[in-house]
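Everything on this sheet refers to the single structure shown next.
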Amino acid sequence: MFEEERIQVENLIKKYCKKENLPELQLQWTWIPFSGHWGISTSMFALAAANARQKQLKSNIPEIATRLAESIADYLGLPVGFEKVEATKGYLNLYFSQSEYFHQVIDLVIRDSKTYGHLENKNELVMVEFSQPNTHKAFHVGHLRSAILGDTLARILEFAGYEVIRSNYPGDMGLHVIKWLWCYLNFHLGEKPEQDITHWMGEIYSEANDRLYENPELEKEVRILYKRWDDRDPEVVNLWEETREWSLQGFYQMYETLGIRFDRYYFNSQMEKPGKEIVQELIDKKIAIDERPEGAVIIKIDEILGLNKEKYRVFVVLRSDGTALYATEDLALAKKKFDDYPQLSRSLYVVDVRQSLHFQQVFKTMEIAGYPWSGRCQHIAYELVNLPGNVVMSSREGTIVLLEDLIREATQRAYQVVQQKNPDLSDDKKMETAKAIGIGALKYPMLARENTKIVTFDWESALDFNGQAAPYIQYAYVRTGSIIRKAGGEITQSIKPEYELTAQETELIDVISRFPREVERSATEFRPIQIANYAYDLAKKFNDFYAQCPVLQVESHIRSARLRLVMATRQTIENSLALLGITAPEAM
RNA sequence: GCCCCUGUAGCUCAAUGGAUAGAGCACCGGACUUCUAAUCCGAUGGUUGUGGGUUCGAGUCCCCCCAGGGGCGCCA
């Protein structure tokens, strides 16, 4: 928006520089940071400094910048599309024509509606792998972060013009699964989960750990069972298949509730064989050293690269007994993704920060082995969700908050408020609204935080719906709906307002116009926090407007203009909430 | 020992290298006869961990420290 006008001004400034024999610099434009105004701004400090350097002048840069800004402002006069040009403290500020800007921004939003902010097709295919839950374990609040972060990144990347494949990688085999099967076979044979599947699965896993802790001599039964799995004993395989399916059904339910979908499932258990093949290939290529049976199969990455410092360390890719490690399987998975989608421009892994070294090792190994796509793999690291006192959530330690419990609690609390404020809604509608609010409230704090910062979970703040939180944004959305409904379906034409806009109106339009830029930035930096903060900012500006500017009870031309502003706000809130995976409710 | 992350208001967190470092929570004082008060307005609150450097300009970039967290050969 206003690109043409900006370029015109830029050309004028370049002309001025040539005329005055000033160095030519790329101008950096920012937004005028003062509230109640809108327009673009550029500083003259860089130009002043470059000029001083070039001419060997020793002088006060801010002073020169101020004079430069002043003479350029004089030179420019009043370019088309702007209503004021101002030089102050070394900055050149160009204020947009209010009615022109209003008209352009609002028309664009209303015209594009659901696609407002959607960027041009980038013709790139990106895979986002996220969630990676372990079957036969509980699904707790810690797991929520990867699921939500990955889902939101996928939404943002899609909106930013990428084609996205969402993939999941459940951990459906490993020691935890064998322990679970052992416990089930001995103490729960014949039982089946009913509701809260992942909860029930988690209970048995936890029981297995307790029993083994109390009676360590039973470990040998677990080892025997693991051997039976390795030999593909039909009884074990069948039981594994059946119980694994229970867990997966539990996950599907959870994703359904959270509004998360996947295009592609890769399973840990399917990567075992191809992983071992890659390890053999690495041994054949003399990249990996086979120290079996005394030692494992290892790769001395630093040595291969000739690094003096320890950076990639030693990477263990196969156990000394020949069984697969997580690392073995991750080598296969990386390759499998590019076998399936050779045109992937990026393969992203949304996995917690503790595995940073692991992924560096995986990607670097594939690079050494000569796979050309290795540079397109990238780990998107995020910090953990801990309990107060920096206590890590762990199924084995029993220090977990179950996702089912949290969702139930949040939804119930939201339901009570809906019940109180909207008693006339049907019960289905109340429940639907409560879910939108409760789940939104859980998602938001995980997104409105830097990926690299730890989230501390406590019940009180998780269930606090006030302040900077999803319900605040949803409430602003509901308010826009009320106004439009009360206007009675009035048709509003494109309009250039002919009255002095209030500060609240200018700021609101300014924020609306920023949306596409926020999408771009959020996508290139893989940071949903940009959108989370943006959505809040937008809602806040609307609430300011709501408090100060009556829409329905004003003269008709103001009413028409404001009604359009409300419509555009509503659309932009809706679009930004959609990127966060948060439902915009009709009533609250 | 090596590597990564974090350090900003009492607490939780923001801030494309730019103008006066901003929100929420908490606390205190106000605003529903109005388009939904899950809202709004006001007040209080800062040596951006320390010390250097780069730059016209540093919370932001670089270096040394300090503090906390995480990772480093057969866990996932």
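Only this structure's heavy atoms are used, side chains among them; waters, hydrogens and symmetry mates stay out. Here the structure is a predicted model, which means the values were calculated and not measured.
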For residues 59-70 of chain A, pull every pair meeting salt bridge (charged side-chain N to carboxylate O under 4.0 Å, His left out), keeping only residues two or more places apart or in separate chains.
-> A:Glu63-A:Arg67
Has the side chain of [X] got a donor or acceptor that lies under 3.5 Å from a partner of the other kind on the base of [N]?
{"X": "A:Ser43", "N": "B:rA19", "value": "no"}
{"X": "A:Arg319", "N": "B:rC74", "value": "no"}
{"X": "A:Asp330", "N": "B:rA76", "value": "no"}
{"X": "A:Arg313", "N": "B:rC3", "value": "no"}

Counting side-chain heavy atoms from CB outward, which of B:rG71, B:rG18, B:rC35 is closest to A:Leu357?
-> B:rG71
Using a cut-off of 4.0 Å on non-hydrogen atoms, how would the nucleic acid contact of [X] be classed: base, sugar-phosphate, or nothing?
{"X": "A:His176", "result": "nothing"}
{"X": "A:Val353", "result": "nothing"}
{"X": "A:Gly295", "result": "base"}
{"X": "A:Arg527", "result": "sugar-phosphate"}
{"X": "A:Glu294", "result": "base"}
{"X": "A:Asp321", "result": "nothing"}

Is the distance between the ring centroids of A:Tyr382 and A:Phe526 under 6.0 Å?
-> no
Looking at residues at least two apart in the chain, or sitting in another chain, which of them share a ring-ring contact (aromatic ring centres under 6.0 Å, His included) with A:Tyr169?
-> none
Sequence neighbours excluded, which residues qualify as ring-ring contact (aromatic ring centres under 6.0 Å, His included) partners of A:Tyr534?
-> A:Phe515
Nucleotide B:rA37, atom P - distance to CZ of A:Phe465 in whole Å | 20 Å
Are the side chain of A:Asn390 and the backbone N or O of A:Asn386 linked by a donor-acceptor pair below 3.5 Å?
-> no
Main-chain N/O of A:Arg223 paired with A:Trp182 side-chain donor or acceptor, under 3.5 Å | no
Pairwise P distance, B:rU33 and B:rG22 [rounded to whole Å] | 35 Å
Which of residues 432-446 of chain A have a heavy atom under 4.0 Å from RNA chain B?
-> A:Ile437
Those residues of residues 476-486 of chain A lying under 4.0 Å from RNA chain B by at least one heavy atom | A:Val478, A:Arg479, A:Ser482, A:Ile483, A:Lys486
Hey, which sits more toward the 5' end of RNA chain B by its nearest nucleotide, A:Tyr91 or A:Ala448?
-> A:Ala448
Which range-with-range stems can be found for RNA chain B when each stem has 3 or more Watson-Crick or G-U pairs in a row and both distances sit under 3.5 Å?
-> B:1-7 with B:66-72, B:10-13 with B:22-25, B:28-31 with B:39-42, B:51-53 with B:61-63
